[in-house]
Asker: 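Before we start, here is the structure in question, set down as structure tokens.
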Protein chains: 2
Amino acid sequence: MQHWIIDREVGALATWVEAMPGVQILRRDQIPAIRFAGTGVIWSRLRSGEPVELALAGIDRSGGQPVVLLSDEPDEAQVLQALALGAAGCCNSRAATAVLQQVTAVVGNGGLWVGQSLLRKLVGATALRLGQLPAEGENDNWAALLSEREVQVSRLVANGASNKEIADHLAITERTVKAHLTAVFEKLGVRDRLQLSLRVNGLRI
Amino acid sequence: MQHWIIDREVGALATWVEAMPGVQILRRDQIPAIRFAGTGVIWSRLRSGEPVELALAGIDRSGGQPVVLLSDEPDEAQVLQALALGAAGCCNSRAATAVLQQVTAVVGNGGLWVGQSLLRKLVGATALRLGQLPAEGENDNWAALLSEREVQVSRLVANGASNKEIADHLAITERTVKAHLTAVFEKLGVRDRLQLSLRVNGLRI
DNA sequence: GTGCCGACTGTACTTTGGTTCAATAGATTC
DNA sequence: GAATCTATTGAACCAAAGTACAGTCGGCAC
């Protein structure tokens, strides 16, 4: 896995080199001319006082590599802004080697990384917001909208079962499974079994 | 590192045993009598329809081990509640082995874990999806087995898109989408798009 | 009773998903 | 240059998913 670090000036911290053997440090003003190829992680360092856009603009994203903001002074707003600008995460630029490696593992596989203290703040803020605005349909009570049988069928679908398998499992005909599913699609406003699966598995609200 | 899993009934999923060699499965009704000792992670499984408190109450926390909620149907409210109750994270109980190991790495070091899809909801970063950024991939190396195009198609499928929608989005014909998917099914050993979705979304291998 | 609802099933149908043939073309590797 | 991999597409086909319309049966409420 390749690592690229974008900074105002060339010069790496020891932790970076330790966590990312073979890392390539790039000057920010060279970025527009560079196309990133291959699997890897693009890190962009934000110095104190600089605006987040400065670190995240102009990076070639066509290669699909995740971008992580390395901030000298991370704060909540900065993280949110970085994520909104398409970054896969944000961590302290002086983070320990092990932390950097953990970030790599997470974002390298398509995940998002947010440091724990910041995550606590985010969670706190969100919980607060949800507490004030009581769950306007956000609480996905999909099961509450369905009959018991429909819930059973939905759960089996969400696990990847075919109509035939569901029918055998519930000792009913395939036709009945279809009838239940048609009712479920209608009640939940989803199009097909795949979207139902996402709903049941909490991947979409 | 020791792992304890608390469930309503004894009986482990294959992924659990794989991710946590030597794991100890405990019945929920035995919990009040148990004192956890040594370094490790306490997992507590929440079945469908059960209230979060049921899984997190009555656990001896004096040993300082992090507690992770294993939810059959995770949703945003559940995660927030779990964190509010002192859990270090929440993930789908059918998460892939690699995901469970990643959770272990994070919470074992004092971190908080929130799944990517849920984190995205917390952050409200819907722009990320639109930006063609990697969806919720996991440490399962499914993507490594596929070509770039196949990965693109797989991610769209995992988000619930139809072949026609994928074709339009990528400016290719539906026929080509089918060709890519047939190749993906073969390479990953899955049966259809729903199982591919589960794989890409890190649910069960 | 009558009406409503949920579970269940049948026949027939359309649509979507997925496979099996086959083929062209560019890029890379050896 | 041959071999290999990937992306792309076509025609034809089979299978699964999903819809439309229709009907039976039991429980429950008014």
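This one's a predicted model, so the numbers in the text were calculated from it and none came from an experiment. Naming: A, B, ... by sequence-line order, numbering from 1 per chain.
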Asker: If you pin Leu170(A) and Ser162(B) to their nearest nucleotides in DNA chain C, which one's is more 5'?
Answerer: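 Looking at the nearest nucleotide for each, Leu170(A) comes out on the 5' side.
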Asker: Quick one: which of Ile6(B), Asp7(B), Ile5(B) gives a side chain to side chain contact (heavy atoms under 4.5 Å, CB included) with Trp43(B)?
Answerer: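 That would be Ile5(B); it is the only one of Ile6(B), Asp7(B), Ile5(B) passing the side chain to side chain contact (heavy atoms under 4.5 Å, CB included) with Trp43(B).
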Asker: Tell me whether the side-chain N/O atoms of Thr182(B) come closer than 4.0 Å to OP1 or OP2 in dT19(C).
Answerer: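 Thr182(B) to dT19(C) OP1/OP2: side-chain N or O found under 4.0 Å.
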Asker: State whether the side chain of Arg193(A) and the backbone N or O of Ala158(A) hold a donor-acceptor pair below 3.5 Å, judged by distance alone.
Answerer: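 Pair absent, no side-chain N/O of Arg193(A) close to backbone of Ala158(A).
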Asker: Nearest to the side chain of Ile172(B), heavy atoms from C-beta on, is which of dT8(D), dA7(C), dG18(C)?
Answerer: dT8(D)
Asker: Does dA16(D) have OP1 or OP2 sitting under 4.0 Å from an N or O in the side chain of Asn163(A)?
Answerer: no
Asker: Measure CG/Leu181(B) against P/dT16(C) and give the value in whole Å, please.
Answerer: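 These atoms are roughly 16 Å apart.
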Asker: Between atom CG in Leu145(B) and atom P in dC5(D), what is the gap in whole Å?
Answerer: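 After rounding, the reported distance stands at 15 Å.
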Asker: Grab the NE2-P distance between His180(B) and dG10(D) for me, whole Å please.
Answerer: 13 Å
Asker: Quick one: is dC5(C) close enough that its OP1 or OP2 comes under 4.0 Å of any side-chain N or O from Ser147(A)?
Answerer: no
Asker: Rounding to an integer number of Å, can you tell me how far Ile166(B) CD1 sits from dA7(D) P?
Answerer: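 Rounded to whole Å, this separation is 14 Å.
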Asker: Please state how far atom NZ in Lys178(B) lies from atom P in dG10(D), giving the value in whole angstrom units.
Answerer: 12 Å
Asker: Can you tell me if Thr176(B) touches the phosphate of dA7(D), counting only side-chain N or O atoms and a distance under 4.0 Å to OP1 or OP2?
Answerer: no
Asker: Considering just the side-chain nitrogens and oxygens of Arg175(B), establish if one lies under 4.0 Å of OP1 or OP2 belonging to dT8(D).
Answerer: no
Asker: Side chains of Gln2(A) and Gln65(A): any donor to acceptor distance under 3.5 Å?
Answerer: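 On atom types as modelled, these side chains do not qualify, holding no pair under 3.5 Å.
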Asker: Please report the distance, rounded to the nearest Å, between CD in Glu186(B) and P in dG17(C).
Answerer: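 Taking CD of Glu186(B) and P of dG17(C), I get 20 Å after rounding.
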Asker: Does a side-chain N or O of Arg193(A) approach OP1 or OP2 of dG18(D) to a distance below 4.0 Å, or not?
Answerer: yes
Asker: Do the ring planes of Trp4(A) and Phe36(A) sit parallel (below 30°), tilted (30 to 60°) or perpendicular (above 60°)?
Answerer: perpendicular
Asker: Which of these nucleotides, dA7(D), dG10(D), dA17(D), is closest to any side-chain atom of Arg149(B)?
Answerer: dA7(D)
Asker: Starting at CD of Glu148(A) and ending at P of dG26(D), how long is that distance when rounded to a whole Å?
Answerer: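 After rounding, the gap between these two atoms is 20 Å.
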Asker: Touch check for Ala183(A), heavy atoms < 4.0 angstrom, all strands: base, sugar-phosphate only, or nothing?
Answerer: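 No contact at all - Ala183(A) keeps every heavy atom at 4.0 Å or more from the nucleic acid.
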Asker: Which nucleotide in the list dG18(D), dT9(C), dG17(C) gets nearest to the side chain of Ala179(A)?
Answerer: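 Looking only at heavy atoms from C-beta outward on Ala179(A), the closest nucleotide is dT9(C).
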Asker: Decide if atom CD of Gln30(A) counts as having more than 12 heavy atoms of other residues, nucleotides or ligands within a radius under 6.0 Å.
Answerer: yes
Asker: Starting from P on dA16(D), measure out to CG on Leu196(A) and report it in whole angstrom.
Answerer: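 One finds 20 Å between P of dA16(D) and CG of Leu196(A), rounded.
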